[in-house]
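First up is the structure itself, then whatever we jot down about it.
Everything numeric in this text was worked out from a predicted model, so none of it was measured. As a basis for the values below, the full set of heavy atoms in this structure was taken, side chains included, without hydrogen atoms, waters or symmetry mates.
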Amino acid sequence: MIFFILDQDITLTIEGKQQQVYLACPNFNDKAVKTPIDRVYCTTFSEYQDLNQTFLAQKIHSHLLNEAQIRQMARFPVELGLSNINEPDRLHLQPEFKQQKVSLLEQIQLFRGKKVLHIALLNGVGGGLGDAIIGLTALRVLHKTLKQHFSDVKIDIFTRADRLYYTQAIYQQQNCVNEIKNMPLTLETFFAYDAFLDFSGFIDVYDQFKGMPMLDFYFHKMGIDGNEIKAEDKRNLIKCNRKIERHTAVFLAILQHQGRPLLLFHPKTSTHIRSIPDGQQARFLNFILAQTDYTVVCVLPIEFEHPRFINMTALSASFEHLCCIIKAMDAIITADTVVYHIADSFDIPTVVLFSTIDPVTRVSHYPHTRGLLLPDARDNPLFSKHKHEQLTIEETEGLLKLWENLDLNSVLDALNEVKTQSKSLKTCPVCASQVPSQKQDVWLDYQLFECNHCHAVFSQPHEQADDLIFNETPKHLPDLSQVAQAEQANTLIQGIIAQLHMQKIADIMRFMPNKGAHLDIGCNIGAFVAFCQNLGFSSYGVSNRAELVNAGKNFFPNSLLAVANRWQELPEAFPKQYQIISSFDVLAHITQPKQLAQQVFNHLKSGGYWFLSTPNANRLAFVAGIYNPHKHLGLEHGDLPPQNLIRWQQPTQKQFLIQQGFEIVEQYATPLVEQTVTSVLGDMPDLKLKLDDQEIKIGHETLQSISFTYLAPLFSLIDGYGNFIVTVARKP
């Protein structure tokens with residue numbers, strides 16, 4: 001990193017849109033006066049060189065400050081990983097950083113006793129899309145490692161504004177990234193952080209690490225021992241934008257329903273030396289189409305015609321569109337570009353053709369990918385180069401010869417081999433099918449997959465300490481010493497039945513003509529049990545949390561609550577048959593839903609009812625692509641393992657219950673409410689109107705409320721997108 005000041009103010013327009021203001025240092029010419037930290041700018045050496053050309057063109061002078069002196073300032077954050085001190089000299093001298101080693105775990109001992117660690121990561125994790133995807137995989141490991149020592153870790157990424165256009169979509173979907181900000185940043189902003197990682201110029205020296213996979217290079221820079229990282233944590237994670245995925249799904253479904261597997265052919269990269277030459281592309285396509293039954297998809301403007309060749313360039317309008325297309329493929333053949341890094345996230349069998357780079361450095365952590373180095377590529381003068389745009393005639397001819405000598409049979413053989421090895425089937429806990437499943441997310445030590453048969457999303461590993469575990473204890477239990485117990489109990493009951501997914505169930509319970517035995521599974525503190533008792537039911541509740549059961553007995557002394565680690569282990573005093581069994585928000589976080597359904601069926605009387613609810617996997621925020629699973633219901637882990645192991649859709653839950661012998665009496669998603677809709681609309685700015693020289697301000701909250709009012713008539717068109725699914729099932 002470098003630090004500089006300016007002698008004049010300047011406002012720059014970036015990418016034709018964003019404006020960035022730089023303020024002059026009032027003491028620019030007086031080095032004896034202390035420089036204000038809000039006028040000192042920090043950035044990479046390469047960005048400073050680019051900016052300085054703009055400054056000079058407008059007759060603005062800059063001055064580099066002494067980095068060593070700034071680093072000695074008391075508020076200077078702690079640098080984690082390998083140090084990037086003296087970046088300009090390092091770029092010229094390029095010492096052997098491979099021999100340097102640091103330990104992140106030793107470095108963070110400086111923050112012992114601190115609960116929240118705030119980190120600035122300078123220059124992002126790579127300017128290119130492929131580098132950024134790999135870097136973010138390493139960053140997730142860093143975040144996971146630090147979370148073992150701190151209650152919260154916030155990592156803000158600072159990157160060049162002109163590069164953010166290419167990488168912002170990837171950064172924004174990563175749960176380990178707190179905020180994304182532009183460089184340069186002021187020293188005042190920098191001093192607000194506890195620690196920092198500086199990746200300025202480090203990708204430029206990666207070639208020194210001969211034979212080291214790029215991910216391991218990132219680990220080395222961060223001070224992490226890559227040998228201690230689990231293989232699954234070395235996999236990439238890309239999430240498809242649900243809104244864009246719905247748009248592309250229509251076109252892809254037409255291709256998929258033709259009964260032929262889909263293969264993406266992607267011959268182009270950002271540089272000629274890694275791309276399949278134009279003259280060779282037709283040879284590849286003709287061979288693939290003649291030797292296989294694939295429908296070949298391409299997202300590049302290639303002039304080629306064949307009944308089984310589909311050009312989807314128009315559909316691949318952005319990086320996020322490309323991700324959705326890749327996710328739908330059965331196989332991929334690509335040159336050395338970002339495509340295979342995305343494909344790893346979705347477990348798509350892929351063959352990557354390398355002309356200048358050793359495949360080991362790129363695909364060694366991708367179990368569903370095979371890298372093929374072109375014959376004799378190591379003898380080519382361009383070998384080990386990542387970019388080289390100004391090709392001589394000899395270099396062009398040499399590259400073309402490498403591609404001409406490639407036996408295309410070896411490409412298909414490699415693809416068939418990786419496809420065979422990739423057919424690892426996972427058993428869906430909902431429908432018990434053994435089918436290929438699409439990876440949806442990664443969280444802690446869990447991976448989430450969507451079953452291609454019933455479309456339930458389930459975790460691997462699929463395990464918890466107890467089947468009925470519910471990790472979050474209510475944070476605001478009434479204080480017994482402050483309010484009369486009867487008032488507290490009534491407040492708790494009213495709070496329970498006022499919830500959207502409980503209102504209709506409460507009404508059904510009120511108007512039931514015969515009020516027999518009722519069992520509430522996962523009863524929490526027993527408020528619903530007490531409500532049913534007040535209606536005249538013989539109501540019982542079980543929970544695996546002793547502290548909740550004990551609290552419930554304090555609030556509701558007459559309640560019949562018991563601790564049961566597994567609900568079928570009912571106390572002897574409890575009935576064996578019930579008119580109604582309820583389980584609210586339980587089915588999402590048990591390991592064996594079929595076993596629970598069978599036990600409910602066995603303990604219900606003939607004609608008895610099962611009332612249940614689960615979070616809706618198709619809730620509006622999730623479908624709109626802005627859903628944050630980590631904040632679901634205000635819980636620490638949200639809609640993620642180990643809190644929730646299964647995400648349910650309405651059709652999935654309906655079919656599941658029918659298969660277990662139940663009849664569906666009613667099923668619905670809870671109504672959309674203003675808070676849900678306005679959260680999808682996003683933050684609105686305040687509206688300022690000027691009428692007759694008088695300014696009128698309409699607050700953003702008022703605007704959101706108005707928007708909700710006008711959108712309300714349209715809610716019937718998006719029925720089914722509420723936050724919860726509620727089902728009433730009957731035992732015949």
- Message: I'd like to know if R260 and D330 make a salt bridge, using a cut-off of under 4.0 Å between side-chain N and carboxylate O.
- Response: no
- Message: When you measure from the side chain of E79 to the backbone of N84, do you find a donor-acceptor pair of N or O atoms at a distance under 3.5 Å?
- Response: yes
- Item | Within residues 303-315 or reaching into it, pairs that qualify as side chain to side chain donor-acceptor pair (under 3.5 Å) - sequence neighbours excluded | N311-T313
- Test item: R274 side-chain N/O and D336 main-chain N/O as donor-acceptor pair under 3.5 Å: yes
- Qualifying residues under side-chain hydrogen bond (donor to acceptor under 3.5 Å, both in side chains), relative to T269, sequence neighbours excluded: S275
- Determine whether the aromatic ring centres of Y218 and F199 lie less than 6.0 Å apart. yes
- Task: State which residues pass side-chain hydrogen bond (donor to acceptor under 3.5 Å, both in side chains) with H341; sequence neighbours excluded, sorted by chain then number.
- Result: Y366
- Residues in side chain to side chain contact (heavy atoms under 4.5 Å, CB included) contact with N380, at least two apart in sequence or another chain: L382, L402
- Query: Which residue pairs satisfy the salt bridge (charged side-chain N to carboxylate O under 4.0 Å, His left out) criterion with at least one member in residues 277-300, sequence neighbours excluded?
  - Reply: K268-D278
- Can L142 and L80 be said to form a side-chain contact (heavy atoms from CB on, under 4.5 Å), step by step? CA-CA 11 Å; L142 172 75; L80 301 178; 5.7 Å; no
- With no hydrogens and no angle check, do the side chains of H365 and D216 hold a donor and an acceptor under 3.5 Å apart? yes
- Rounded to the nearest 0.5 Å, what separation is found between the OG1 atom of T248 and the CD1 atom of I325? 6.5 Å
- Item | Rounded distance [0.5 Å steps], CG in L315 versus SG in C324 | 9.0 Å
- Task: Check side-chain hydrogen bond (donor to acceptor under 3.5 Å, both in side chains) between T137 and all other residues, then give those that pass, not counting sequence neighbours.
- Result: R140, N236
- The ring-ring contact (aromatic ring centres under 6.0 Å, His included) partners of F319 (sequence neighbours excluded) come to none
- Under 3.5 Å, is there a donor-acceptor pair between the side chain of Q280 and the main chain of L400? no
- With sequence neighbours excluded, residues passing side-chain hydrogen bond (donor to acceptor under 3.5 Å, both in side chains) with D407: N409
- Query: Does H455 have any side chain to side chain contact (heavy atoms under 4.5 Å, CB included) partners at least two apart in sequence or in another chain, and if so, which?
  - Reply: E450, Q649, T652
- Task: Report the residues that fulfil side chain to side chain contact (heavy atoms under 4.5 Å, CB included) with A249, sequence neighbours left out, ordered by chain and then residue number.
- Result: none
- Counterpart residues, salt bridge (charged side-chain N to carboxylate O under 4.0 Å, His left out), relative to D156 (two or more places apart): K181
Give every donor-acceptor pair under 3.5 Å between a side-chain atom in residues 285-292 and any protein atom, sequence neighbours left out.
unit_1: N286; atom_1: ND2; unit_2: A282; atom_2: O; d: 3.1
unit_1: T292; atom_1: OG1; unit_2: I288; atom_2: O; d: 2.6
unit_1: T292; atom_1: OG1; unit_2: Y294; atom_2: N; d: 3.3

